[in-house]
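Contents: one structure, followed by commentary.
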Amino acid sequence: MSDPILLEQIMVAAGMGLLGAVVFAAIGLVSGTDETTTLAPLTLLVVLLGVPPAGVFTFFLAGAVAKHMTHAVPTALLGIPGDTLATPLLQDANMLRKLGVPHIALRKMVSGAIVAAFVAVPLAVLFAVLLAPFGATITKSAPWIFLAAAVLIAYFSAGRWAAVALLVPFVMIIIALQSLTAKYGVKLSISYFLGIAIGPLIADLFTVISPQGRSKMLRDKVRTFSLAPDVKGWSGYFPNPLKVMDRVQTRWTLATAAVSSATFVFSPVAMTVVLGELVGSRVKHAYHRLTTVLSARNGVTEATYIAEALIPLIAFGLPLSPVAAGPAAPLFNAPPRFTVDAATGQTHNLHNLLNHWEFLGYGMLAVLLAAVVSYPFAMNFARRAALFVSRRVSHEAIIATFVGLIIVISVWEGQFLGLLVILTMGLIGGLLSRLFGFNTGVQFMGYYTAVLSVPAIVKLFG
């Protein structure tokens with residue numbers, strides 16, 4: 001009886017993983033598509049549609065891995081970052097573009113990503129299993145851990161002490177909005193999360209409708225891009241990533257992926273920058289240094305994302321990392337299906353619904369599906385895809401699609417109040433991110449501090 005059930009679960013997981021890989025491989029081609037703005041709402045939609053836990057997990061993970069392969073396409077070929085985590089790759093990629101070999105930069109980046117992804121999943125599960133015995137203690141201490149994690153993540157963000165200080169008024173705004181909606185019998189959680197996720201987008205939309213802001217966004221000429229001819233250096237459809245990179249690049253990619261697979265608190269961008277600088281300081285030849293750093297850094301983007309989602313999810317069930325509190329938040333808290341109890345820190349989410357072996361098996365399945373979809377596509381059709389996206393795809397249409405999705409979810413949860421909360425949180429969060437480096441990862445930790453830590457503090461001193 002169990003075999004047919006298991007087979008059905010695997011088929012659902014494979015189907016959802018394939019869907020996630022295809023969707024986010026395409027989204028990764030569009031420059032400036034932030035991970036939180038895209039991964040989080042679509043994963044939340046999958047959760048709310050009632051997809052089984054294994055399908056939810058493979059959809060998210062395959063999507064994240066696929067996106068962090070194809071985000072290399074606009075970064076390497078067009079000179080514009082594919083998403084937030086592609087920003088640290090831009091300088092080295094532009095240097096290789098000036099040397100006339102953007103296709104080499106692309107191949108090194110994508111190959112580094114696929115190798116790191118296959119390494120990161122088993123290592124992240126292993127580290128999570130080692131931390132799991134402390135899960136009960138950490139769960140009981142959840143309010144204080146969230147508070148400490150919020151301060152730590154804020155300090156390591158771009159805003160530093162400003163971000164730490166901004167946690168206080170930001171948390172107070174959330175508490176005030178909760179009190180307001182409670183007077184009308186409306187309890188919101190998803191709307192806060194979505195408002196934070198699309199904060200920069202809402203801030204930009206308000207800027208555009210302001211004459212003063214619009215004048216600052218005007219450009220005197222159309223931005224142009226130059227695409228080098230495509231050069232294929234292999235036969236067949238699926239090149240071997242271990243042959244695309246040399247032995248030194250493979251070793252550095254494996255080493256940095258292993259290090260980033262063991263961390264789950266620090267900013268992914270910071271990990272990408274720091275480990276990239278470490279690799280660059282160890283390679284002397286200029287050209288070899290550029291290609292090696294790009295391989296390692298894009299591997300770190302994959303490994304960090306995987307580790308920061310898997311370790312807190314498997315070990316604790318609490319979103320105790322920037323990725324877990326941001327793009328992966330629907331895996332932890334998506335009422336009414338997945339919840340984190342504000343009073344006790346008790347959880348009901350993928351942490352409770354999948355065991356360690358299922359996380360490992362479905363995680364490797366997700367990476368395999370992303371690799372089958374994204375890797376050969378990026379290696380064989382990157383130039384044509386970049387040309388099509390830059391000429392034919394409307395960024396406004398993509399933004400409008402996500403705005404429409406978010407409006408539907410907010411109205412479903414809280415009617416008109418849900419929409420107002422999204423606008424308020426989005427505008428405040430977006431402006432704070434733009435002006436002070438108070439990024440979405442810190443803001444998500446601020447939200448969990450408001451719903452978990454503040455009640456515990458009030459109870460302690462009450």
Side-chain angles (χ1 to χ4, degrees), residues 1-30 33 35 37-71 110 113-114 117-118 120-122 124-125 237-238 302 305-306 309-310 313-314 323 327-334 336-338 348-381 385 398 401-402 405 408-409 412:
M1 182 67 181
S2 60
D3 288 340
I5 295 175
L6 178 61
L7 180 62
E8 181 181 356
Q9 290 178 344
I10 294 174
M11 293 300 293
V12 170
M16 292 306 299
L18 182 62
L19 177 62
V22 171
V23 169
F24 286 102
I27 292 175
L29 297 171
V30 182
T33 48
E35 296 93 339
T37 311
T38 54
L39 266 170
L42 289 183
T43 304
L44 178 60
L45 180 64
V46 168
V47 174
L48 297 179
L49 287 174
V51 173
V56 172
F57 178 65
T58 55
F59 176 86
F60 170 83
L61 193 60
V65 173
K67 192 177 191 307
H68 287 134
M69 277 192 265
T70 57
H71 78 179
V110 178
I114 188 174
F118 278 105
V121 169
V125 173
Y237 180 69
F238 200 106
E302 287 282 25
Y305 242 72
I306 290 171
L310 263 61
L313 187 62
I314 298 171
V323 172
L331 305 181
F332 297 83
N333 191 35
R337 283 198 70 192
F338 301 156
H348 179 74
N349 50 38
L350 293 184
H351 169 76
N352 311 97
L353 300 173
L354 297 175
N355 61 43
H356 298 157
W357 291 109
E358 288 174 322
F359 276 114
L360 177 61
Y362 292 130
M364 294 303 294
L365 175 63
V367 171
L368 178 63
L369 290 169
V372 169
V373 171
S374 288
Y375 182 70
F377 173 76
M379 296 293 281
N380 291 291
F381 304 108
I398 294 173
T401 301
F402 280 100
L405 170 63
V408 169
I409 294 175
W412 167 79

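As the structure is a computational prediction, the values presented were derived from the model and not from experiment. Numbering starts at 1 and runs along the sequence shown.
Residues satisfying the side-chain contact (heavy atoms from CB on, under 4.5 Å) test with Ala328, not counting sequence neighbours, are Phe60, Ala309, Val323, Leu331, Phe332. For His71, the side-chain hydrogen bond (donor to acceptor under 3.5 Å, both in side chains) partners at least two apart in sequence or on another chain are Asp83, Asn298.
When all heavy atoms of Pro327 and Tyr305 are compared, the closest pair comes out as CG-OH, 3.0 Å. Between Thr43 and Pro330, the shortest heavy-atom contact is CG2-CB, 4.0 Å. Among all heavy-atom pairs drawn from Gln9 and Glu358, the shortest one is OE1-OE2, 4.4 Å. Shortest non-hydrogen contact noted between Leu353 and His348 is CD2-CE1, 3.9 Å. Across all non-hydrogen atoms, the minimal contact from Ala62 to Gly17 is CB-O, 3.3 Å.
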Inset, instruction - Let me see the working for Leu310 and Val125 under side-chain contact (heavy atoms from CB on, under 4.5 Å), right down to the final yes or no. - result: CA-CA 7 Å; Leu310 263 61; Val125 173; 4.0 Å; yes

Inset, instruction - Go through the steps for Val65 and Glu302 under the test side-chain contact (heavy atoms from CB on, under 4.5 Å), then give the verdict. - result: CA-CA 6 Å; Val65 173; Glu302 287 282 25; 3.5 Å; yes

Inset, instruction - Go through the steps to decide whether Ile27 and Leu42 satisfy the test side-chain contact (heavy atoms from CB on, under 4.5 Å), and finish with yes or no. - result: CA-CA 12 Å; Ile27 292 175; Leu42 289 183; 4.2 Å; yes

Kindly list each side-chain donor-acceptor pair under 3.5 angstrom involving residues 50-58, sequence neighbours excluded, with atom names and distances?
unit_1 : atom_1 : unit_2 : atom_2 : d
Thr58  : OG1    : Ala13  : O      : 2.8
Thr58  : OG1    : Ala54  : O      : 3.1
Thr58  : OG1    : Gly55  : O      : 3.2

Would you tabulate the side-chain donor-acceptor contacts of residues 362-378 under 3.5 Å, counting partners in other chains and residues two or more places apart, or write 'none'?
unit_1 : atom_1 : unit_2 : atom_2 : d
Tyr375 : OH     : Ser111 : OG     : 3.2

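Expressed to the nearest 0.5 Å, how far CG of Leu39 lies from CZ of Phe24 amounts to 4.0 Å. Between Leu45 atom CG and Phe59 atom CZ the span is 8.0 Å, to the nearest 0.5 Å.
Between Leu354 and Leu313 there is no side-chain heavy-atom pair separated by less than 4.5 Å.
Under the 3.5 Å distance criterion, the side-chain polar atoms of His351 are matched with a main-chain donor or acceptor of Ile314.
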